[in-house]
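Structure, as structure tokens:
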2 protein chains.
Amino acid sequence: MVARRRAEMVEETRAKLIRAARTAFAAKGYAAASMDDLTAEAGLTRGALYHNFGDKKGLLQAVIDQIDAEMLARMRAARGQADTAWDGFLNEGVAYIEMSLEPEIQRIMLLDGPAVLGDPSQWPNQTACLRTTTQAIQRLIDDGTVKPVDAEAAARLINGAALNAALWIAAADDPHAVLTKAVEAFRQLAAGLLRTAG
Amino acid sequence: MVARRRAEMVEETRAKLIRAARTAFAAKGYAAASMDDLTAEAGLTRGALYHNFGDKKGLLQAVIDQIDAEMLARMRAARGQADTAWDGFLNEGVAYIEMSLEPEIQRIMLLDGPAVLGDPSQWPNQTACLRTTTQAIQRLIDDGTVKPVDAEAAARLINGAALNAALWIAAADDPHAVLTKAVEAFRQLAAGLLRTAG
DNA sequence: TCAATACGCATACAGTGCGTATGTTATTTT
DNA sequence: AAAATAACATACGCACTGTATGCGTATTGA
């Protein structure tokens, strides 16, 4: 075994624990996931877990931070692929809905996370995500595309609509059929913010 | 002690347990609420609880059914106080937002409930609530007020927007100031469904 | 280079809470 | 009036979280 720096090994154990926790939380839910089991899955014990993350909630927080960062990156990519600012804004919402189709995101980010850690809009990365959406709306207001509403309020409502759409889709018998209906309704609803009638 | 019918006593026991559970779940959250504690608060033991509700989730389900019925009644009352069908529809959404200001509804209905029992849109009473909203939108489509969108999709998105608005308000420093902004943005957003430009 | 120390993690232990199995009493049923 | 059943209490086992302690190894200083 090559002698590596200690910091590297710490990062590796943290990564292993987070990965095991992601799959365990997604599969069984936060409450039903045993820390003995998931640490064993990672080839470690609970000692490593408490040393690195403090407690079970700390581990969940780390998992959520990681997923949230991934979601933020994917939303930015979706926005970048649009021609106009308004389409980019819509793409963000649609990307959010599509990501929420994934059971892992559903279970961890939309169900257990809020229940254990409280209102998601207070989470560090979520605020970053929300801030970019708010800024996008503000720009659309400034250039006359969108009516002069409170940008943050609009961003939160749009987010909520997308989130609920995602939950609906995931619980549906035919998710992809419902997805198209939800996306269509989402575009109509968002058009309410437009200065010109949709 | 007057000899009462057995069915009356069972109802009384169930009511006492549900009442104690409501306060306990609202105060401590579902996971942190001890069943020994809340049954003792009701002057009973866990035996009564397991006999009447099966398990802890069953008790939560009973609590949620009760609260959900109350919310449905209040939303119907709010709709009845409007002059037009459209205003009635908006009133429903605003009433939903306002109810979610209450910590009990926040904690139990919006945070713990979905995490423990799964997607709220599958709950019996919630579907009733959603159905009335869907029907309201369908009527507005039929009489030409609202664009021809999928009524259920629109209802779910509107619900989600209202829900997120409520969470935002509850976490705010000045809830009532944020409430007005949220309600204003909600009306703008909902106007996206209108056939005539908002 | 070698001792001292701090760090990362494992092990052992105590506390708490859920669910079930069993017991007890009062009300039906026959 | 005796048997049966429902409503609830009591007692027990099991699992899980969090903490305290122990051990090995890497890092630091002289």
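Here is how names work: the chains are called A, B, and so on, in the same order as the sequence lines, proteins then strands, and each is numbered from 1.
Residue B:Thr13 places at least one side-chain N or O closer than 4.0 Å to OP1 or OP2 of D:dC8. Taking side-chain N and O atoms only, B:His51 has no distance below 4.0 Å to OP1 or OP2 of D:dC8. Under 4.0 angstrom from either OP1 or OP2 of D:dA7 there lies no side-chain N or O belonging to B:Asn52.
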Show me the donor-acceptor pairs within less than 3.5 Å that the side chains of residues 60-68 of chain A make with the rest of the protein, sequence neighbours left out.
from    : atom 1 : to       : atom 2 : distance (Å)
A:Gln61 : NE2    : A:Asp65  : OD1    : 3.1
A:Gln66 : OE1    : A:Arg22  : NH1    : 2.7
A:Asp68 : OD2    : A:Gln126 : N      : 3.0

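Listed by chain and number, the residues in a side chain to side chain donor-acceptor pair (under 3.5 Å) with B:Asp112 are B:Arg107 (sequence neighbours excluded). Contacts of B:Glu184 classified as side chain to side chain donor-acceptor pair (under 3.5 Å), with partners at least two apart in sequence or in another chain: B:Gln188. Legend: residues meeting side chain to side chain donor-acceptor pair (under 3.5 Å) with B:Asp143, ordered by chain and number and at least two apart, are B:Thr145.
Contact check on A:Glu102 versus A:Arg74 returns a salt bridge, with a Lys/Arg side-chain nitrogen under 4.0 Å from an Asp/Glu carboxylate oxygen.
Nucleotide C:dT16 holds its C1' atom 12 Å from the NZ atom of B:Lys28, rounded to whole Å. Rounded to whole Å, atom P of D:dA7 lies 12 Å from atom CZ of B:Phe53. Rounded to whole Å, atom C1' of D:dC8 lies 12 Å from atom NZ of B:Lys16. Rounded to an integer number of Å, the gap from B:Leu17 CG to D:dC8 C1' is 11 Å. The separation between A:Leu49 atom CG and C:dT11 atom C1' is 15 Å, rounded to whole Å.
Residue pairs meeting the ring-ring contact (aromatic ring centres under 6.0 Å, His included) criterion with at least one partner in residues 76-125 of chain A, sequence neighbours excluded, are A:Trp86-A:Phe89.
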Report each atom pair, protein N/O against N/O of nucleotides 17-19 of chain C, whose distance is under 3.5 angstrom.
from   : atom 1 : to      : atom 2 : distance (Å)
C:dC18 : OP1    : B:Ala33 : O      : 3.3
C:dC18 : OP1    : B:Met35 : N      : 3.4
C:dC18 : OP1    : B:Lys56 : NZ     : 3.2
C:dC18 : OP2    : B:Met35 : N      : 3.3
C:dG19 : OP2    : B:Tyr50 : OH     : 2.6
C:dG19 : OP2    : B:Lys56 : N      : 3.4
C:dG19 : N7     : B:Arg46 : NH2    : 2.7
C:dG19 : O6     : B:Arg46 : NH2    : 2.2

